[in-house]
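A short worksheet on the structure shown next.
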Protein chains: 2
Amino acid sequence: MTKGSDPLRATVRNHIRSLRFAASEMTQQDLANRIGVSRQTLNAIEGEKYSPSLEVAFRIARVFGKPLEEVFTCQFEAAPPRKRPK
Amino acid sequence: MTKGSDPLRATVRNHIRSLRFAASEMTQQDLANRIGVSRQTLNAIEGEKYSPSLEVAFRIARVFGKPLEEVFTCQFEAAPPRKRPK
DNA sequence: ACGCCGTGTCAAGAAAAGTTGACATCTGCG
DNA sequence: CGCAGATGTCAACTTTTCTTGACACGGCGT
(Lines give C-alpha, C1' and ligand atoms only; values in the text may rest on other atoms or scores of the structure.)
Protein backbone atom coordinates (compact mmCIF):
# COMPACT_ATOMS: atom_id res chain seq x y z
CA MET A 1 0.00 0.00 0.00
CA THR A 2 0.85 3.63 0.14
CA LYS A 3 1.64 4.04 -3.51
CA GLY A 4 1.23 7.33 -5.25
CA SER A 5 0.17 5.47 -8.34
CA ASP A 6 -3.40 4.56 -7.51
CA PRO A 7 -6.24 6.89 -8.36
CA LEU A 8 -8.20 6.90 -5.12
CA ARG A 9 -6.84 7.78 -1.77
CA ALA A 10 -8.61 6.12 1.11
CA THR A 11 -8.87 7.58 4.58
CA VAL A 12 -10.30 5.66 7.48
CA ARG A 13 -12.04 7.41 10.34
CA ASN A 14 -13.59 6.04 13.52
CA HIS A 15 -15.96 6.89 16.33
CA ILE A 16 -14.24 4.96 19.06
CA ARG A 17 -13.91 7.82 21.49
CA SER A 18 -17.57 8.73 21.56
CA LEU A 19 -18.64 5.11 21.70
CA ARG A 20 -16.29 4.60 24.58
CA PHE A 21 -17.89 7.44 26.51
CA ALA A 22 -21.35 6.30 25.57
CA ALA A 23 -20.45 2.95 27.09
CA SER A 24 -20.43 4.17 30.66
CA GLU A 25 -17.13 5.96 30.48
CA MET A 26 -15.10 2.94 29.58
CA THR A 27 -11.39 3.69 29.81
CA GLN A 28 -8.87 3.10 27.03
CA GLN A 29 -7.27 0.46 29.18
CA ASP A 30 -10.55 -1.35 29.70
CA LEU A 31 -11.38 -1.32 26.04
CA ALA A 32 -7.87 -2.41 25.09
CA ASN A 33 -8.20 -5.38 27.42
CA ARG A 34 -11.55 -6.40 26.01
CA ILE A 35 -10.25 -6.14 22.49
CA GLY A 36 -7.04 -7.91 23.28
CA VAL A 37 -4.55 -5.20 22.36
CA SER A 38 -2.28 -2.95 24.38
CA ARG A 39 -3.39 0.41 25.69
CA GLN A 40 -0.92 2.21 23.45
CA THR A 41 -2.24 0.44 20.40
CA LEU A 42 -5.80 1.40 21.16
CA ASN A 43 -4.70 4.96 21.82
CA ALA A 44 -3.03 5.11 18.42
CA ILE A 45 -6.03 3.66 16.64
CA GLU A 46 -8.46 5.91 18.45
CA GLY A 47 -6.31 8.89 17.57
CA GLU A 48 -6.13 7.67 13.98
CA LYS A 49 -2.37 7.43 13.88
CA TYR A 50 -2.88 4.34 11.80
CA SER A 51 -5.74 2.07 10.96
CA PRO A 52 -6.09 -1.29 12.66
CA SER A 53 -6.03 -4.70 11.08
CA LEU A 54 -9.39 -5.95 9.88
CA GLU A 55 -9.44 -8.42 12.71
CA VAL A 56 -8.90 -5.81 15.40
CA ALA A 57 -11.51 -3.62 13.75
CA PHE A 58 -14.04 -6.45 14.01
CA ARG A 59 -13.15 -6.99 17.65
CA ILE A 60 -13.69 -3.35 18.46
CA ALA A 61 -17.05 -3.26 16.70
CA ARG A 62 -18.03 -6.35 18.60
CA VAL A 63 -17.35 -4.80 21.99
CA PHE A 64 -19.69 -1.95 21.15
CA GLY A 65 -22.24 -4.32 19.69
CA LYS A 66 -22.29 -2.34 16.48
CA PRO A 67 -21.61 -3.29 12.88
CA LEU A 68 -18.11 -2.48 11.77
CA GLU A 69 -19.21 0.25 9.41
CA GLU A 70 -20.78 2.16 12.27
CA VAL A 71 -17.49 2.34 14.07
CA PHE A 72 -15.15 2.76 11.13
CA THR A 73 -15.85 4.65 7.94
CA CYS A 74 -13.83 5.08 4.80
CA GLN A 75 -13.74 8.06 2.49
CA PHE A 76 -12.31 7.88 -0.98
CA GLU A 77 -10.94 11.10 -2.32
CA ALA A 78 -9.92 11.67 -5.89
CA ALA A 79 -6.52 12.64 -7.17
CA PRO A 80 -4.13 13.44 -4.33
CA PRO A 81 -4.68 17.17 -3.91
CA ARG A 82 -1.81 19.53 -4.47
CA LYS A 83 -3.09 21.79 -1.73
CA ARG A 84 -6.37 20.40 -0.46
CA PRO A 85 -9.47 20.64 -2.54
CA LYS A 86 -11.20 23.86 -1.61
CA MET B 1 -2.50 -9.58 18.42
CA THR B 2 -2.12 -13.28 18.38
CA LYS B 3 -2.02 -13.76 22.09
CA GLY B 4 -3.16 -16.93 23.71
CA SER B 5 -4.41 -14.93 26.65
CA ASP B 6 -7.58 -13.43 25.28
CA PRO B 7 -10.87 -15.25 25.63
CA LEU B 8 -12.26 -15.01 22.11
CA ARG B 9 -10.54 -16.17 18.97
CA ALA B 10 -11.53 -14.28 15.87
CA THR B 11 -11.52 -15.74 12.40
CA VAL B 12 -12.12 -13.65 9.33
CA ARG B 13 -13.69 -15.10 6.21
CA ASN B 14 -14.43 -13.54 2.84
CA HIS B 15 -16.44 -14.02 -0.32
CA ILE B 16 -14.01 -12.44 -2.73
CA ARG B 17 -13.80 -15.36 -5.10
CA SER B 18 -17.50 -15.63 -5.73
CA LEU B 19 -17.93 -11.88 -6.00
CA ARG B 20 -15.09 -11.80 -8.48
CA PHE B 21 -16.82 -14.37 -10.66
CA ALA B 22 -20.15 -12.66 -10.27
CA ALA B 23 -18.48 -9.53 -11.57
CA SER B 24 -18.11 -10.78 -15.12
CA GLU B 25 -15.22 -13.11 -14.44
CA MET B 26 -12.88 -10.45 -13.20
CA THR B 27 -9.36 -11.80 -12.82
CA GLN B 28 -7.23 -11.61 -9.69
CA GLN B 29 -4.89 -9.31 -11.54
CA ASP B 30 -7.71 -6.97 -12.53
CA LEU B 31 -9.09 -6.82 -9.05
CA ALA B 32 -5.63 -6.33 -7.57
CA ASN B 33 -5.09 -3.36 -9.88
CA ARG B 34 -8.37 -1.76 -9.00
CA ILE B 35 -7.72 -2.21 -5.32
CA GLY B 36 -4.18 -1.03 -5.56
CA VAL B 37 -2.36 -4.10 -4.27
CA SER B 38 -0.23 -6.74 -5.94
CA ARG B 39 -1.65 -9.86 -7.50
CA GLN B 40 0.11 -12.03 -4.92
CA THR B 41 -1.35 -10.04 -2.08
CA LEU B 42 -4.85 -10.40 -3.40
CA ASN B 43 -4.28 -14.08 -3.96
CA ALA B 44 -3.22 -14.47 -0.34
CA ILE B 45 -6.19 -12.53 0.97
CA GLU B 46 -8.66 -14.35 -1.23
CA GLY B 47 -7.19 -17.65 -0.08
CA GLU B 48 -7.42 -16.45 3.53
CA LYS B 49 -3.72 -16.85 4.21
CA TYR B 50 -4.01 -13.67 6.19
CA SER B 51 -6.55 -10.92 6.63
CA PRO B 52 -6.04 -7.59 4.94
CA SER B 53 -5.63 -4.21 6.56
CA LEU B 54 -8.88 -2.39 7.25
CA GLU B 55 -8.07 0.02 4.47
CA VAL B 56 -7.59 -2.68 1.86
CA ALA B 57 -10.75 -4.37 3.06
CA PHE B 58 -12.69 -1.16 2.46
CA ARG B 59 -11.17 -0.81 -0.99
CA ILE B 60 -12.19 -4.32 -1.93
CA ALA B 61 -15.74 -3.82 -0.71
CA ARG B 62 -15.89 -0.63 -2.71
CA VAL B 63 -14.93 -2.33 -5.95
CA PHE B 64 -17.82 -4.72 -5.52
CA GLY B 65 -20.15 -1.96 -4.46
CA LYS B 66 -21.02 -3.84 -1.31
CA PRO B 67 -20.75 -2.96 2.35
CA LEU B 68 -17.66 -4.36 3.98
CA GLU B 69 -19.57 -6.82 6.10
CA GLU B 70 -20.98 -8.47 3.01
CA VAL B 71 -17.52 -9.23 1.75
CA PHE B 72 -15.78 -10.00 5.02
CA THR B 73 -17.28 -11.70 8.03
CA CYS B 74 -15.87 -12.42 11.45
CA GLN B 75 -16.63 -15.33 13.71
CA PHE B 76 -15.77 -15.34 17.37
CA GLU B 77 -15.19 -18.71 18.90
CA ALA B 78 -14.89 -19.37 22.60
CA ALA B 79 -11.95 -20.92 24.41
CA PRO B 80 -9.34 -22.26 21.97
CA PRO B 81 -10.66 -25.79 21.43
CA ARG B 82 -8.51 -28.74 22.35
CA LYS B 83 -9.83 -30.66 19.41
CA ARG B 84 -12.58 -28.61 17.80
CA PRO B 85 -15.93 -28.21 19.50
CA LYS B 86 -18.20 -30.95 18.23
C1' DA C 1 0.58 19.01 49.08
C1' DC C 2 0.48 14.23 47.73
C1' DG C 3 -0.82 10.21 45.26
C1' DC C 4 -3.53 8.15 41.69
C1' DC C 5 -5.68 7.55 37.36
C1' DG C 6 -6.45 8.41 32.58
C1' DT C 7 -4.27 9.87 28.76
C1' DG C 8 -0.58 11.22 25.23
C1' DT C 9 3.75 10.02 23.51
C1' DC C 10 8.41 8.17 22.61
C1' DA C 11 11.76 4.43 21.49
C1' DA C 12 13.11 -0.23 20.20
C1' DG C 13 11.72 -4.42 18.60
C1' DA C 14 8.56 -8.39 17.10
C1' DA C 15 5.01 -9.78 14.08
C1' DA C 16 1.83 -9.28 10.36
C1' DA C 17 0.76 -7.32 5.89
C1' DG C 18 2.28 -6.12 1.45
C1' DT C 19 6.03 -5.77 -2.50
C1' DT C 20 8.79 -7.56 -6.43
C1' DG C 21 10.59 -11.24 -9.18
C1' DA C 22 10.62 -15.87 -10.34
C1' DC C 23 8.83 -20.29 -11.50
C1' DA C 24 5.28 -24.26 -11.77
C1' DT C 25 0.80 -25.84 -13.00
C1' DC C 26 -3.48 -26.01 -15.33
C1' DT C 27 -6.77 -24.90 -18.66
C1' DG C 28 -8.29 -23.40 -23.12
C1' DC C 29 -7.35 -22.21 -27.90
C1' DG C 30 -4.87 -21.68 -32.38
C1' DC D 1 1.40 -29.66 -30.17
C1' DG D 2 2.70 -24.97 -28.61
C1' DC D 3 1.43 -20.87 -26.39
C1' DA D 4 -0.99 -17.68 -23.67
C1' DG D 5 -3.64 -16.36 -19.59
C1' DA D 6 -4.99 -17.23 -14.86
C1' DT D 7 -3.67 -19.01 -10.67
C1' DG D 8 -0.74 -20.90 -6.73
C1' DT D 9 3.48 -20.51 -4.31
C1' DC D 10 8.30 -19.41 -2.78
C1' DA D 11 11.94 -16.30 -1.20
C1' DA D 12 13.80 -11.89 0.19
C1' DC D 13 12.74 -7.47 1.46
C1' DT D 14 10.00 -3.03 3.05
C1' DT D 15 6.28 -0.98 5.54
C1' DT D 16 2.68 -0.99 8.81
C1' DT D 17 0.71 -2.75 12.89
C1' DC D 18 1.29 -4.08 17.47
C1' DT D 19 4.16 -4.94 21.86
C1' DT D 20 6.63 -3.63 26.08
C1' DG D 21 8.54 -0.24 29.06
C1' DA D 22 9.07 4.34 30.27
C1' DC D 23 7.95 9.08 31.37
C1' DA D 24 5.26 13.50 31.34
C1' DC D 25 1.06 16.00 32.03
C1' DG D 26 -3.49 17.31 33.78
C1' DG D 27 -7.21 16.49 36.77
C1' DC D 28 -9.30 15.07 41.16
C1' DG D 29 -9.93 13.39 45.64
C1' DT D 30 -8.05 13.32 50.39
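Hydrogens, waters and symmetry mates play no part in the numbers below; they use all other heavy atoms, side chains included. So that the names make sense, note that chain A is the first sequence line, chain B the second, and so on, each numbered from 1.
- A:Arg17 has no side-chain polar atom (N or O) that falls below the 4.0 Å cut-off from OP1 or OP2 of C:dG6.
- Residues A:Leu31 and A:Ile16 form a side-chain contact, since some pair of their non-hydrogen atoms from C-beta on lies under 4.5 Å apart.
- You'll find that the side chain of A:Ser53 is closest to D:dT17, out of D:dG21, D:dT17, D:dT7.
- Taking atom CD of residue A:Glu46 and atom C1' of nucleotide C:dT9, one finds them 14 Å apart after rounding to whole Å.
- Rounded to a whole Å, the CD atom of A:Glu25 is 12 Å from the P atom of D:dC28.
- Ionic pairing of A:Arg17 and A:Glu46 is present here: one or more N-O contacts between side-chain nitrogen and carboxylate oxygen are shorter than 4.0 angstrom.
- One finds no salt bridge joining A:Arg20 and A:Glu25 here, because no Lys/Arg side-chain nitrogen approaches an Asp/Glu carboxylate oxygen to under 4.0 Å.
- Contact between the side-chain N/O atoms of B:Thr41 and the OP1/OP2 oxygens of C:dA17 is not found at any separation under 4.0 Å.
- Taking the ring axis of A:Phe76 as reference, the NZ or CZ atom of B:Arg62 stays within 45° of it and closer than 6.0 Å to the ring centre.
- Remark: B:Lys49 is in phosphate contact with D:dT9, judged by side-chain N or O atoms under 4.0 Å from OP1 or OP2.
- When rounded to the nearest whole Å, the span between CG of A:Leu31 and P of C:dG8 equals 13 Å.
- For B:Val37, whose side chain is taken as the heavy atoms from C-beta onward, the closest listed nucleotide among D:dC18, C:dT19, C:dT7 is C:dT19.
- What separates CD of B:Gln29 from P of C:dG21 is a distance of 13 Å, to the nearest Å.
- Of the candidates C:dA17, D:dT20, D:dT17, the closest approach to any side-chain atom of A:Tyr50 belongs to D:dT17.
- Counting distance only, with no hydrogens placed and no angle test, the side-chain atoms of A:Arg39 and the base atoms of C:dG8 include a donor-acceptor pair under 3.5 Å.
- At least one side-chain heavy atom of B:Thr73 sits less than 4.5 Å from a side-chain heavy atom of B:His15.
- Using a 4.5 Å cut-off on side-chain heavy atoms (C-beta onward), B:Asn33 and B:Arg39 make no contact.
- Set against C:dT7, C:dG18, C:dC10, the side chain of B:Ile45 has C:dG18 as its closest nucleotide.
- Here A:Ser51 reaches the OP1 or OP2 of D:dT17: one of its side-chain N or O atoms lies under 4.0 Å away.
- Taking 3.5 Å as the limit, the base of C:dG18 and the side chain of B:Gln40 contain no donor-acceptor pair of atoms between them.
- Put simply, CZ on B:Arg59 is 18 Å from P on C:dA17, counting in whole angstrom units.
- Remark: C1' of D:dT15 and CG of B:Leu54 are 17 Å apart, rounded to the nearest angstrom.
- In this structure, B:Leu42 places its CG atom 14 Å from P of D:dA6, rounding to the nearest Å.
- The base of C:dG18 has none of its N or O atoms less than 3.5 Å from a complementary donor or acceptor on the side chain of B:Glu55.
- For B:Val56, the listed nucleotide lying nearest its side chain is C:dG18; candidates were C:dC23, C:dT20, C:dG18.
- Whole-Å rounding puts the B:Glu48 CD to D:dT9 P distance at 13 Å.
- Nearer the 5' end of DNA chain D, as judged by each residue's closest nucleotide, is the contact made by B:Asp30, out of B:Asp30 and B:Ala44.
- Proximity of A:Gln28 to the phosphate of C:dG8: a side-chain N or O atom is located under 4.0 Å from OP1 or OP2.
- Distances were taken from every side-chain heavy atom of A:Asn43 (C-beta onward) to each of C:dT9, D:dT7, D:dC18; the shortest belongs to C:dT9.
- Listed pair B:Arg20 / D:dT7 meets the phosphate criterion, a side-chain N or O lying under 4.0 Å from OP1 or OP2.
- Nearest nucleotide to the side chain of A:Ser38, out of D:dT19, D:dC18, C:dT20: D:dT19.
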